[in-house]
Amino acid sequence: MLPNDEILTEAGFDSTEKSARLLLIACGALAHEILALKRANGWDHMTLTCLPAKLHLYPDKITQAVAEAVEKHRKDFDEIFIVYADCGTGGLLQAKCDELGVKMVEGPHCYSFFEGNDAFASRADSGEITAFYLTDFLVKQFDAFVWKPMGLDRHPELRDMIFGNYTKLVYQAQTNDPKLIEKARECAARLDLDFEYRFTGYGDLATTLGAQAASDAT
């Protein structure tokens with residue numbers, strides 16, 4: 001049973017299932033999406049372990065945390081796949097994965113692969129460089145990942161310093177949930193940004209995991 005979002009943020013999720021052949025080591029912020037895809041596609045040969053989603057706030061710690069997770073679980077699985085993009089590691093995560101002999105998701109960050117890496121790059125090339133992005137998980141955990149870590153709960157005057165160059169908040173929705181849309185709209189208002197709703201679904205996450213599932217099944 002998947003723990004709640006607060007636990008996924010602080011502690012992650014470590015599956016006790018050892019019968020699957022393929023282990024996915026992922027960011028806790030992706031747990032719901034990965035398990036939804038796993039159920040929908042019958043990927044019973046996969047199991048999931050998640051590192052704390054709060055590593056999103058400390059990208060310099062991601063590479064070491066992933067390496068430790070690989071070494072911890074390597075003996076129990078035929079193959080390991082890393083469900084992190086670069087996520088601010090400056091190429092260090094990819095280099096470590098190459099060293100460890102494991103593959104990882106392509107792209108600079110989850111906003112890109114949810115949109116689709118090609119589509120996201122095209123938007124950046126066409127001038128979408130002043131957007132602040134939220135996913136389903138980050139909308140639900142807005143206070144934990146944005147409002148409090150940036151000090152806006154204590155010093156609201158920091159808003160202009162931090163977000164002064166942003167023009168809009170883009171909610172990249174993985175699900176069509178009216179309550180999350182309304183909460184995302186409220187997040188935009190709190191940051192004094194225009195709001196844009198963009199349904200992305202699972203984007204390249206679905207195709208990447210599908211390719212990995214097919215590869216491992218053969």
A.B. asks: Using 0.5 Å steps for rounding, measure from the CG atom of Leu8 to the NZ atom of Lys54.
C.D. replies: 12.5 Å
A.B. asks: If two hydrophobic side chains count as joined below 4.5 Å and joins carry through other members, does Phe137 share a cluster with Ile7?
C.D. replies: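 No; tracing contacts between hydrophobic side chains, which count when under 4.5 Å, never links both residues.
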A.B. asks: Report yes if some heavy atom in the side chain of Asp204 is under 4.5 Å from a heavy atom in the side chain of Glu106; otherwise report no.
C.D. replies: no
A.B. asks: For a quick test of reading the model, state the closest non-hydrogen atom pair linking Cys110 to Ala85 and the distance between them.
C.D. replies: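 The answer is N-CB, 4.5 Å.
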A.B. asks: For the atom pair OG1 (Thr49) and NZ (Lys72), what is the distance rounded to the nearest 0.5 Å?
C.D. replies: 6.5 Å
A.B. asks: Are Cys87 and Leu93 close enough, and set up right, to give a side-chain contact (heavy atoms from CB on, under 4.5 Å), and what steps lead you there?
C.D. replies: CA-CA 9 Å; Cys87 296; Leu93 181 57; 5.8 Å; no
A.B. asks: CG of Leu158: more than 12 outside heavy atoms within 6.0 angstrom?
C.D. replies: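 More than 12 heavy atoms, drawn from other residues, nucleotides or ligands, come within 6.0 Å of this atom.
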A.B. asks: Is the number of heavy atoms from other residues, nucleotides or ligands within 6.0 Å of CG (Asn165) greater than 12?
C.D. replies: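 For Asn165, atom CG is not crowded (no more than 12 foreign heavy atoms under 6.0 Å).
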A.B. asks: Yes or no on salt bridge (charged side-chain N to carboxylate O under 4.0 Å, His left out) for Asp143 and Arg190, after CA distance, side-chain angles and deciding distance?
C.D. replies: CA-CA 11 Å; Asp143 282 348; Arg190 290 168 70 182; 2.9 Å; yes
A.B. asks: Working note: Val146 + Gln141, criterion side-chain contact (heavy atoms from CB on, under 4.5 Å); need CA distance, chi angles, decisive distance, verdict.
C.D. replies: CA-CA 8 Å; Val146 180; Gln141 291 291 297; over 6 Å; no
A.B. asks: Side chains of Asn176 and Tyr197, heavy atoms from C-beta outward: is any pair under 4.5 Å?
C.D. replies: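 In short, these two side chains touch, coming nearer than 4.5 Å.
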A.B. asks: Using only atom types and a distance under 3.5 Å, with no angle test, would you say the side chain of Thr89 pairs donor to acceptor with the backbone of Asp86?
C.D. replies: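 Checking the backbone N and O of Asp86 against the side chain of Thr89, a donor-acceptor pair under 3.5 Å is found.
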A.B. asks: Mind checking whether Leu2 and Leu35 have side chains closer than 4.5 Å, heavy atoms only?
C.D. replies: yes
A.B. asks: Please determine whether residues Ile129 and Phe114 belong to a single hydrophobic cluster, defined as Ile, Leu, Val, Met, Phe, Trp and Tyr linked transitively by side-chain heavy-atom distances below 4.5 Å.
C.D. replies: no
A.B. asks: For Ile162 and Met150, work out which heavy atoms get closest and say how close.
C.D. replies: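 Where Ile162 meets Met150 most closely, the heavy atoms are CD1-O, 3.6 Å.
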A.B. asks: Please indicate whether Asp118 has more than 12 foreign heavy atoms, meaning atoms of other residues, nucleotides or ligands, lying under 6.0 Å from its CG.
C.D. replies: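 Count not over threshold, so no.
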A.B. asks: Please say yes or no: joined through hydrophobic side-chain contacts below 4.5 Å, possibly via intermediate residues, are Phe145 and Tyr58 part of one cluster?
C.D. replies: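 Result: yes, single cluster for both.
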A.B. asks: Considering only NZ, NE, NH1 and NH2 on the basic side and carboxylate oxygens on the acidic side, decide whether Asp76 and Arg21 come within less than 4.0 Å.
C.D. replies: no
A.B. asks: May I ask you to check whether Thr200 and Gln172 show a side-chain donor-acceptor distance below 3.5 Å?
C.D. replies: no
A.B. asks: What's the shortest heavy-atom distance between Cys27 and Cys50, and which atoms?
C.D. replies: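 Closest heavy-atom pair between Cys27 and Cys50: O-SG, 3.9 Å.
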A.B. asks: What is the distance from atom CG of Leu48 to atom NZ of Lys38, rounded to the nearest 0.5 Å?
C.D. replies: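 The NZ atom of Lys38 is 8.5 Å from CG of Leu48, to the nearest 0.5 Å.
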A.B. asks: Between Tyr133 and Glu196, is there a side-chain donor-acceptor contact under 3.5 Å, judged purely by atom types and distance?
C.D. replies: no
A.B. asks: Short question: side chain of Lys183, backbone of Lys140 - any donor-acceptor pair under 3.5 Å?
C.D. replies: yes
A.B. asks: I want to check something: taking the side chain as every heavy atom from C-beta on, are Val70 and Ile82 in contact at a cut-off of under 4.5 Å?
C.D. replies: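 Side-chain contact under 4.5 Å: yes.
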A.B. asks: Considering non-hydrogen atoms only, spot the tightest contact between Pro149 and Leu57 and give its length.
C.D. replies: CG-CD1, 3.9 Å
A.B. asks: Quick one: does Phe13's side chain get under 4.5 Å of Leu51's, heavy atoms only?
C.D. replies: no
A.B. asks: Might you point out which heavy atoms bring Ala53 and Ala29 nearest each other, and give the distance in Å?
C.D. replies: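 Closest approach of Ala53 to Ala29: CB-N, 3.5 Å.
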A.B. asks: Checking Ser215 side chain against Ala211 main chain: does a donor-acceptor pair fall under 3.5 Å?
C.D. replies: no
A.B. asks: Of all the heavy-atom pairs spanning Gly107 and Asn117, show the shortest one and how long it is.
C.D. replies: CA-OD1, 3.6 Å
A.B. asks: Are side-chain heavy atoms of Phe81 and Leu22 found at a separation under 4.5 Å?
C.D. replies: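 Side chain of Phe81 against side chain of Leu22, heavy atoms only: contact under 4.5 Å found.
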A.B. asks: With heavy-atom distances below 4.5 Å as the criterion, would you say the side chains of Asp136 and Glu33 are in contact?
C.D. replies: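 In short, these two side chains touch, coming nearer than 4.5 Å.
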A.B. asks: Looking at Phe120 versus Tyr111, is the centre-to-centre ring distance below 6.0 Å?
C.D. replies: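 No; Tyr111 has its ring centre 6.0 Å or more from that of Phe120.
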A.B. asks: Hey, is Arg198 close enough to Glu128 for a salt bridge, meaning N to O under 4.0 Å?
C.D. replies: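 Counted as a salt bridge, because a side-chain N and a carboxylate O are separated by less than 4.0 Å.
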A.B. asks: Quick one, Leu209 with Trp43, criterion side-chain contact (heavy atoms from CB on, under 4.5 Å). Give me CA distance, side-chain angles, the key distance, then yes/no.
C.D. replies: CA-CA 10 Å; Leu209 291 185; Trp43 292 335; 3.8 Å; yes
A.B. asks: Within the structure provided, determine whether Arg185 and Tyr171 are in side-chain contact (heavy-atom separation under 4.5 Å).
C.D. replies: no
A.B. asks: Distance check, rounded to the nearest 0.5 Å: Met161 atom CE versus Leu152 atom CG?
C.D. replies: 10.5 Å
A.B. asks: Is it true that Lys179 and Glu182 make a salt bridge, defined as a side-chain N closer than 4.0 Å to a carboxylate O?
C.D. replies: no
A.B. asks: Nearest 0.5 Å, what's the CD1-CG distance between Ile34 and Leu37?
C.D. replies: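 Answer for the CD1-CG pair, Ile34 versus Leu37, is 8.0 Å.
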A.B. asks: Mind checking the CZ-NE2 spacing from Phe77 to His45? Nearest 0.5 Å is all I need.
C.D. replies: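 Interatomic distance, Phe77 CZ to His45 NE2, rounded to 0.5 Å: 12.5 Å.
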A.B. asks: Go through the steps to decide whether Tyr166 and Asp192 satisfy the test side-chain contact (heavy atoms from CB on, under 4.5 Å), and finish with yes or no.
C.D. replies: CA-CA 9 Å; Tyr166 289 94; Asp192 195 23; over 6 Å; no
A.B. asks: Is there a continuous path of hydrophobic side-chain contacts, each under 4.5 Å between heavy atoms, that joins Val105 to Leu92?
C.D. replies: no
